[in-house]
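For reference, the structure is listed below as structure tokens.
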Amino acid sequence: MPTLSRRFFITASNPELFLQWQPQREAQVLSPLSPTQIQKQRKVLESKLISALDCCTSVIQIKQVHAHLLLQGLDQCCLVLAKLIRTLTKVNAPVETYPRLIFEQVRYPNPFLWTAMIRGYILQGSVSESVNLYSCMRSVGTRPLSFTFSVFFKACGAAQDVSLGRQIHAQTILVGGFASDLYVGNTMIDMYVKCGYLNCGRKVFDEMPDRDVISWTELIVAYAKNGDMESAWDLFVELPVKDKVAWTAIVTGYAQNARPREALEVFERMQNEEVETDVVTLVGVISACAQLGVSKYANWVRDVAESSGFGPCDDVVVGSALVDMYSKCGSVDEAFKVFEGIKEKNVFSYSSMILGFAMHGRGHAAIQLFHDMLKSEMGPNHVTFIGVLTACSHVGLVEQGRQLFAAMGNHYGVAPSVEHYTCMVDLLGRAGHLEEALELIETMSVEPNACVWGALLGACRTHRNPDIAQLAADHLFELDPNNLGNYILLCNIYASAGMWDKVSRIRKLMRVKGLKKNAGYSWIEAKKGEIHEFFAGDMRHPMSTEIMQALEDLLNRLKANGYVPNLNSVAYDIHDDEKKHMLTNHSEKLALAYGLLSTDVDCPIKIMKNLRICEDCHEVMCGASKITGREIIIRDNMRFHHFHNGSCSCGNFW
DNA sequence: ATAGGGTTAG
């Protein structure tokens, strides 16, 4: 007869159990009990053992609990044994030895015990053995649980093993009663989606008799991750009861698909419907604001975060996202204030701030922060090194960059990736060490990609080296044949070397391939925070006439000061007059003219652009900052340019 | 037991 003994409590390895010891109850136990009381005591004992197992973190502790269990005559108690095996799996005890031994001593394993064993084998990578156990379980006539299937589906999803997934799917139908199980259905959708079979997941969803918000959200996320926001939105609209997770999925979906305005719109609706905002929602919205780069929205979302109790001081993830957001909104000083306010900074906070400094050309600040980070004994990761190498590059700290690059693998255990090599090629290339950069590419430990060769090609333009440029271009045209930018760069390099026959050959190649320039556009935040968007030659704006006039006036004043339009920036093989016209219409120039017309004189003019700023526009911005006395901040797809009194923070290299 | 999250180079 199982009884609770004093010994059990006192020798229990776990202090929590000891604290739970109640002498009154023990007195009861020692007196004779009725069968129902015995049953009740047994239940109490079982739950004590289970909670003891919850606290176990090593095999030795589990063995002690096991010893008590045997002492109490519970060697056939599947409930506790299943928990014991799950706990052993959690502490990574090899399932084949100790757990297997326990399992084989049980005469009538229940489905929970079978499932615990199956799960153990799956988690330890023995999928075939788990399938084997499942067959045994079926052959002795034991009915599986929903959980049994979900264990398999989870494993298939993680291993992207759709063929096993389909077999288990067939089993859920074969065994009967599981095809309509909500939990099984949901884990099955997830399995198909993770294996890349979104349509199969959809089919499961469509055939489910009962669906809950989880089923819907799984599919919404799957569509969003697939870049199909239209299907995601359609599902979202149909979803009868939307919870905060579903809302967040759609907001984040837009943010991750580079549609920040829609993300913000949906978030605003979410707030109007008074759905609770939590950290995960905020992170998605903050990322959308970072992409948009508009201060009004940035400040708004920060207020929302703070009033929801997740300000930068409260939550490190929100704080780090805000650092990134303010950097990308052009306010690197504000980013640093937020950074300083984060109570428990982590590697994300530091990396974001280092990248922020690097992006704004404040290389020394970035490197200083990197050293502060090391002092606080925080381990840098691969992104941290991208930030700090970029920073070195922008300040021309070649030797320091070399040392950091060498140290990353040797001292910090971060193996250099293609991205880090790209930074190094950029660093060496900018400083004019083209041969060394080429040598680095040729001896790379990983396969060079288009970015690496692109960095080299960019450096060849600055340092006018057509030979190495040709080599880089050969690789680029193979790796990334439809990227027009590479052809233009090569053209410029040949043109400045006077190699006109090569120029016309490349131009012909571009024509034959029918490569078209990406639609470049710029946007600017007006006084009240509204966004004005411009394409090249755009006349849609209600103030178009004034804008064109202001631009012409500005260019005339610049020309009087010696500005000559830089025709190299136009890739097309057209007449110079036409080129001049095209240059004049570049979207960032229109945005600048609008900014001059309609923003406060003491505020910087902030322009965002989806492509890299061209040389001519860069020159115009420099000149405009001098003539007008206005500070101009431009974010292109690479970095920030702060124009002040005739010069740019990028030092004319970008 | 099952659904949503932050930093990435030319």
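Chain letters run A, B, ... following the sequence lines, proteins first, then strands; residues in each count from 1. Excluded from the calculations below are hydrogen atoms, water molecules and symmetry mates; all remaining heavy atoms, backbone and side chain alike, are included. A quick note: this is a predicted structure, and the numbers were derived from the prediction, not measured.
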Spacing of A/Ile286 atom CD1 relative to B/dT7 atom C1', expressed in whole Å: 13 Å
Using a cut-off of 4.0 Å on non-hydrogen atoms, how would the nucleic acid contact of A/Leu355 be classed: base, sugar-phosphate, or nothing? sugar-phosphate
Nearest to the side chain of A/Asn346 - B/dG6, B/dG10, B/dT8? B/dG6
Heavy atoms only, 4.0 Å cut-off, all strands: where does A/Ser320 land among base, sugar-phosphate and nothing? base
Kindly point out which of B/dT7, B/dA3, B/dG10 is positioned nearest to the side chain of A/Glu218? B/dA3
Nearest-Å distance for atom pair CG/P, residues A/Asp278 and B/dA3: 15 Å
Across the strands shown, which category fits A/Thr281 at heavy-atom distances under 4.0 angstrom: base, sugar-phosphate, nothing? base
Between P of B/dG4 and NZ of A/Lys225, the distance in whole Å: 6 Å
Could you state the atom-to-atom distance from CZ of A/Phe348 to P of B/dG5 in whole Å? 13 Å
Look only at the side chain of A/Arg211 and the backbone of A/Trp216, and say whether a donor-acceptor pair between them is shorter than 3.5 Å. no
With a 4.0 Å cut-off on heavy atoms, is A/Phe147 in touch with a base, just the backbone sugar-phosphate, or nothing at all? nothing
Any side-chain heavy-atom pair from A/Glu273 and A/Trp247 closer than 4.5 angstrom? yes
Looking only at the side chain of A/Val245 (C-beta and beyond, no hydrogens), which of the listed nucleotides B/dG4, B/dG6, B/dT2 gets closest? B/dG4
Contact under 4.0 Å: A/Arg430 side-chain N or O vs B/dG10 OP1/OP2: yes
Taking the minimum atom-to-atom distance to the side chain of A/Val213, which one of B/dG6, B/dA3, B/dT8 wins? B/dA3
Side chain of A/Asp426 (C-beta onward), nearest among B/dG10, B/dT8, B/dG5: B/dG10
So what does A/Val452 hit on the nucleic acid, given a heavy-atom distance under 4.0 Å: a base, only sugar-phosphate, or nothing? nothing
Length of the line joining A/Asn186:CG and B/dG4:P, which is rounded to integer Å: 12 Å
Contact check, side chains of A/Thr277 and A/Phe267, non-hydrogen atoms, under 4.5 Å: yes
Remember a base hit wins even if backbone is also touched, and classify A/Lys242 as base, sugar-phosphate or nothing at under 4.0 Å, heavy atoms. nothing
So, does the side chain of A/Asn486 form a donor-acceptor pair with the base of B/dG10 at under 3.5 Å? yes
Contact class for A/Asp480 (heavy atom, under 4.0 Å): base, sugar-phosphate, or nothing? nothing
Closest listed nucleotide, where the reference is the side chain of A/Lys154 and the choices are B/dG6, B/dG4, B/dT2: B/dT2
Respond yes when some side-chain nitrogen or oxygen of A/Gln256 is under 4.0 Å from OP1 or OP2 of B/dG5, and no when none is. yes
Would you say the side-chain atoms of A/Thr422 pair up with the backbone N or O of A/Val418, donor to acceptor, closer than 3.5 Å? yes
Starting at CZ of A/Phe385 and ending at C1' of B/dT8, how long is that distance when rounded to a whole Å? 14 Å
Does B/dT2 have OP1 or OP2 under 4.0 Å away from a side-chain N or O of A/Lys194? no
Would you classify A/Val316 as touching base, sugar-phosphate or nothing, given that sugar-phosphate means primed atoms plus P, OP1 and OP2, and contacts are heavy atoms under 4.0 Å? base
Name the nucleic acid region contacted by A/Val317, choosing base, sugar-phosphate or nothing; use a 4.0 angstrom heavy-atom cut-off, strictly under. base
More than 12 non-hydrogen atoms from neighbouring residues, nucleotides or ligands closer than 6.0 Å to CD on A/Glu207, yes or no? yes
For the pair made of OH in A/Tyr223 and C1' in B/dA3, what is the distance, rounded to whole Å? 16 Å
Rounded to the nearest angstrom, tell me the gap between atom CE in A/Met191 and atom C1' in B/dA1. 17 Å
Judged by modelled atom types alone, do A/Ser215 and A/Asp212 share a side-chain donor-acceptor pair under 3.5 Å? yes
Roughly how far apart are A/Ile367 CD1 and A/Asp372 CG, rounded to 0.5 Å? 12.0 Å
Taking the minimum atom-to-atom distance to the side chain of A/Tyr183, which one of B/dG4, B/dT8, B/dT2 wins? B/dT2
